Each structure stands twice: as C-alpha cells, then as structure tokens.
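Everything below concerns the one structure shown next.
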Amino acid sequence: MTDPLSVFDGHLFDGLNFCAKVYALFEATVSQPDGIERIRMRSGLTEKRLIEELLPICRYVQTYYRLGRYISVRWVNGSQSYDAELHQHGWYGGVGSSLASESSPFWESRL
C-alpha cells in the first residue's frame with residue numbers, strides 16, 4: 001500500500017490545489033471503517049500529520065490566498081523545524097500588510 005502522504009512530500013503545489021488534495025485525503029480517511037475514530041485519536045502517522053500539519057497549513061492558505069497574492073506550498077515530511085515551505089507571488093500588499101514587498105513580487109517562508 002502506498003503512503004498517502006507521499007503525494008504531498010516535497011512537491012510544490014498551488015495553495016488551493018494543495019488544500020483540495022488535503023481535503024480529499026481527509027474525506028477518504030473519514031469514510032473508511034473506524035476512520036472517524038482514527039482521526040479523533042490520531043492513531044496513525046497519516047492521521048497525525050493530517051490533523052497537526054496539513055489542515056492548519058490549508059487554513060493559513062485559505063486565509064491569505066487572494067487575487068494578487070498567490071501562495072504555493074511544499075510540505076516536507078520529517079522532523080525538521082518547519083512543516084512546509086510557502087512561496088508567495090503577486091503584488092498585493094494590502095492595507096497594513098508587510099507580507100509582500102513592493103521591490104519584490106516573490107517571498108518565501110517556512111511554517
């Protein structure tokens with residue numbers, strides 16, 4: 001059986017496509033027999049990573065992704081000090097926002 005997390009590991013996705021794949025994995029996990037309990041108990045590595053890493057990244061992406069602020073996500077499986085690399089491009093700075101620099105249309109951060 002293939003590890004469902006391998007689809008995400010090290011691959012760069014558009015933020016909204018990343019979220020769609022994460023939600024599809026969540027739905028597939030929940031629809032399995034005892035899937036809800038496995039999600040609730042975080043009994044396996046997939047369920048643990050899904051609840052503690054992937055879904056919070058989706059929440060972040062859905063909060064900040066918009067016209068003029070495009071976010072790409074590269075989730076990295078392992079025991080490093082971050083869960084994902086986020087790449088943003090576009091010129092939207094927003095009022096009071098320091099996320100996008102006017103001198104550069106691209107920034108990178110690690111969550």
Side-chain angles (χ1 to χ4, degrees):
M1 184 166 130
T2 318
D3 178 21
L5 297 175
S6 65
V7 171
F8 303 101
D9 192 18
H11 301 283
L12 187 65
F13 291 99
D14 172 74
L16 298 181
N17 290 335
F18 177 83
C19 293
K21 290 181 183 294
V22 168
Y23 293 138
L25 176 59
F26 179 82
E27 290 298 326
T29 303
V30 168
S31 67
Q32 295 176 358
D34 78 336
I36 294 173
E37 182 179 342
R38 286 187 10 238
I39 287 286
R40 186 175 57 80
M41 299 299 293
R42 299 175 193 167
S43 58
L45 183 61
T46 299
E47 293 82 9
K48 182 175 176 8
R49 298 277 196 245
L50 188 62
I51 297 298
E52 295 178 2
E53 296 180 18
L54 298 174
L55 288 172
I57 292 167
C58 289
R59 177 68 178 133
Y60 179 87
V61 168
Q62 288 178 303
T63 299
Y64 293 104
Y65 193 107
R66 62 180 46 98
L67 182 63
R69 179 180 289 158
Y70 307 103
I71 300 172
S72 298
V73 179
R74 178 179 288 125
W75 179 74
V76 183
N77 193 5
S79 61
Q80 61 282 344
S81 61
Y82 59 92
D83 294 333
E85 297 174 1
L86 301 178
H87 303 266
Q88 174 178 290
H89 65 280
W91 289 98
Y92 179 76
V95 176
S97 173
S98 62
L99 292 177
S101 168
E102 289 189 26
S103 63
S104 173
F106 180 81
W107 64 265
E108 177 180 336
S109 66
R110 292 182 171 166
L111 280 180

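The structure presented is a predicted model; accordingly, all values stated were derived computationally and were not measured. The figures that follow rest on heavy atoms only: side chains count, while hydrogens, waters and symmetry mates do not.
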Any residue meeting side-chain contact (heavy atoms from CB on, under 4.5 Å) with Arg59, in chain and number order, not counting sequence neighbours
Thr63
Flag, side chain of Arg74 to backbone of His11, donor-acceptor distance under 3.5 Å:
no
CG of Asp83 to OH of Tyr60, rounded to nearest 0.5 Å, is 13.5 Å
Using 0.5 Å steps for rounding, measure from the CG atom of Asp34 to the CZ atom of Arg40.
11.0 Å
Distance-only donor-acceptor pairs under 3.5 Å for side chains of residues 49-56, two or more places apart:
{"residue": "Arg49", "atom": "NE", "partner": "Asn77", "partner atom": "OD1", "Å": "3.0"}
{"residue": "Arg49", "atom": "NH1", "partner": "Glu53", "partner atom": "OE2", "Å": "3.4"}
{"residue": "Arg49", "atom": "NH2", "partner": "Asn77", "partner atom": "OD1", "Å": "3.4"}
{"residue": "Glu52", "atom": "OE1", "partner": "Lys48", "partner atom": "NZ", "Å": "2.5"}
{"residue": "Glu52", "atom": "OE2", "partner": "Arg42", "partner atom": "NH1", "Å": "3.3"}
{"residue": "Glu52", "atom": "OE2", "partner": "Lys48", "partner atom": "NZ", "Å": "3.4"}
{"residue": "Glu53", "atom": "OE1", "partner": "Trp75", "partner atom": "NE1", "Å": "2.9"}

Could you give all pairs that pass the side chain to side chain donor-acceptor pair (under 3.5 Å) test and reach residues 21-31, with sequence neighbours left out?
Tyr23-Gln62
Arg38: side-chain hydrogen bond (donor to acceptor under 3.5 Å, both in side chains) partners, not counting sequence neighbours
Gln32, Glu47
Residues in side-chain hydrogen bond (donor to acceptor under 3.5 Å, both in side chains) with Tyr65, at least two apart?
Asp14
When clusters are formed by joining ILVMFWY residues with side-chain heavy atoms under 4.5 Å apart, either directly or through shared neighbours, do Leu86 and Leu12 land in the same one?
no
Shared ILVMFWY cluster between Leu45 and Met41, side chains joined below 4.5 angstrom?
no
Min side-chain heavy-atom separation Phe26-Ile39 under 4.5 Å:
yes
Intermediate values then yes/no, side-chain contact (heavy atoms from CB on, under 4.5 Å), Phe18 and Ile71
CA-CA 10 Å; Phe18 177 83; Ile71 300 172; over 6 Å; no
Which heavy atom in Leu16 sits nearest to a heavy atom in Val61, and how many Å separate them?
N-CG1, 4.3 Å
